[in-house]
There are 2 protein chains.
Amino acid sequence: MKKQKTRDHIVEAADQLFYQQGYEHTSFTDISDAVQISRGNFYYHFKTKDDILDAVISARMDKTRKMLAQWELDGSTPQGRIECFIRILITNRDKILNYGCPVGTLTTELAKLNHASREEANALFTLFRTWLEEQFILLGRSKDADDLAMHLLARSQGVATLASAFHDAKFIDQEVAQMCDWLNAYMPKE
Amino acid sequence: MKKQKTRDHIVEAADQLFYQQGYEHTSFTDISDAVQISRGNFYYHFKTKDDILDAVISARMDKTRKMLAQWELDGSTPQGRIECFIRILITNRDKILNYGCPVGTLTTELAKLNHASREEANALFTLFRTWLEEQFILLGRSKDADDLAMHLLARSQGVATLASAFHDAKFIDQEVAQMCDWLNAYMPKE
DNA sequence: GATTTTTTAGGATGCGTGTCCTAATATTAA
DNA sequence: TTAATATTAGGACACGCATCCTAAAAAATC
C-alpha cells in the first residue's frame, strides 16, 4: 500500500506547516509543494482541508500519548515525570521561540475561526491535563490535583507565548527553573 | 470633518472583529457590513488592509496607555497598581473566555503570518512590561523588576489561553487570587 | 505479457478576496 | 444659487483558493 505512505507524508508536512504558518494561512499548494505531490492528487487522499486538519490533530494525539508513556518510564517519581513536562519548553526551545506552543496556538486559532475541530484540538490540552492530574494524585494531592495541573499548563503556555513574542530564550530557562523550584518546594518529599 | 468620524468607526469595528475572528479571517466585507459602509468606500479611508491593522494597533496602544495612566490614579501603592493589572482578567472575563487575550492572540497570529506589523503588535506587550517593571522598581525590586514583570505577563497570558480553551471562568478567579497572594507574600510590605 | 486496480498529474470550475476605478451624491464655500 | 470639494456607492479586475473531474501513468494481479 503506497497510499498509506504518501498519506503519512501529507499529514507530516501539514503538521509542520500548520504549526509554522497557522492552519488557515496554509494552502493546499503549500502542502503539495512540501510533499512534492501534484495539487490535484490531494483529493485522492483527503476529501477536504478539514479532513487533513483532523488527521493532523489525530497524529498529534498519538505522538503525545507516546511521549507521556515514555515519561512514565523516564521519571521514576511523579516529581520527575512532571519535571519532564516542564522541560519540554527547553527541549523544544528553538521551535517555541519561533512558533510558540503547538497546542496553544492551534486551539487559539481554531477558536477564532469557530472551527468544527475546535474541541478535538482542545483534547490535546486535556491529554496533558489529565496526565498531570494523575501525577499530582500520586503525590498525594488528590484534592487539588486538577487545579495544580491547570496551573502548570497555564504557566507553560504563558512562557511559550511571551518567549515567542520577545524571542527570549533566557526567559524560558528562568521560568523553567522557577517551575521546577515550585514543584520541589511545594510538593511533599517522600 | 466627517472623514475622521467614519475612520474611527472603521477602526473600532475592525478592532473588535480582529479580536473575535482574527486578522486574516476578517474580510473587508465583514468590516464594511459592521460599519454599514459600502465596500468600495474603504479605499478612501485606508489604502490597504494592513493599514487598517496598523491603525487598530495604534488605537490599542492609545487605549492601553490611558488605562495604565488611570491605574496610576486608582492604585495609591505599586502593589495596588499591579493588582489592577492582575484583575483585568476578571474585568474582561467574558471576552477572554470567548476570544482569549487580545494582545496575546494578535501577536501570535501575526507571528505565524510573518506579518510586517508583528513588532508593532509586540509593542503592546512591551507597554505592559515596562509599566509593570516600573511598579516593581518602586517596590524596591530594581534588580529583578523586569523578570517579575515578564513573570506576571506570562502567567496572565497562560491563564487567558487555558481559560479560553476550557471556557472556565472559575479557573480565572482562582489564578487571579493566587497571583494576588503571590504579589502580597513575595513583596516587601512598606 | 495482458488486464485490472491503484495512484497520479494537470487543468477546469466557481467563489471569495483585496484592490482599484469611476460616476453619483452629499457637503461646504463663494 | 452656483461652483468647488469631500464623501460615497457599486461594480470591474486579477488573483489565489478549495474543490472536482478526467485521462494518463504506475503498480499489482493473473
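Reminder, nothing fancy here: chain letters follow the sequence lines and each chain counts from 1.
More than 12 non-hydrogen atoms from other residues, nucleotides or ligands lie less than 6.0 angstrom from CD of B:Gln70.
Counting heavy atoms from C-beta outward, A:Glu109 and B:Glu109 have side chains that stay 4.5 Å or more apart. At a threshold of 4.5 Å between non-hydrogen side-chain atoms, the residues A:Phe166 and A:Phe171 do not count as touching. Using a 4.5 Å cut-off on side-chain heavy atoms (C-beta onward), B:Ile96 and B:Leu89 make contact. At least one side-chain heavy atom of B:Phe128 sits less than 4.5 Å from a side-chain heavy atom of B:Met67.
Here A:Ser27 reaches the OP1 or OP2 of D:dC17: one of its side-chain N or O atoms lies under 4.0 Å away.
Using a 4.0 Å cut-off on heavy atoms, none of the residues of residues 9-26 of chain A approach DNA chain C. For DNA chain D, the residues of residues 36-54 of chain A within the heavy-atom distance limit of 4.0 Å (strictly under) are A:Arg39, A:Gly40, A:Tyr43, A:Thr48, A:Lys49, sorted by number.
The CG-C1' distance, from A:Asp33 to D:dC17, rounds to 14 Å in whole Å. Put simply, CD1 on A:Ile31 is 15 Å from C1' on D:dG16, counting in whole angstrom units.
One distance of note links CD1 of A:Ile137 with CG of A:Leu132; it measures 11.0 Å at 0.5 Å rounding. One finds the SG atom of A:Cys84 at 10.0 Å from the CD atom of A:Glu72 (value rounded to the nearest 0.5 Å).
With no hydrogens or angles considered, a side-chain donor-acceptor pair links B:Asp50 and B:His115 at under 3.5 Å. Between the side chains of B:Asn98 and B:Tyr19, no donor-acceptor pair of N or O atoms lies under 3.5 Å.
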* Could you run through nucleotides 24-30 of chain D and give me one letter per nucleotide, 5' to 3': B if any protein heavy atom sits under 4.0 Å from the base, S if only the sugar-phosphate is that close, - if neither? => -------
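When the options B:Thr126, B:Thr64, B:Leu68 are evaluated for a side chain to side chain contact (heavy atoms under 4.5 Å, CB included) with B:Trp131, the one that passes is B:Leu68.
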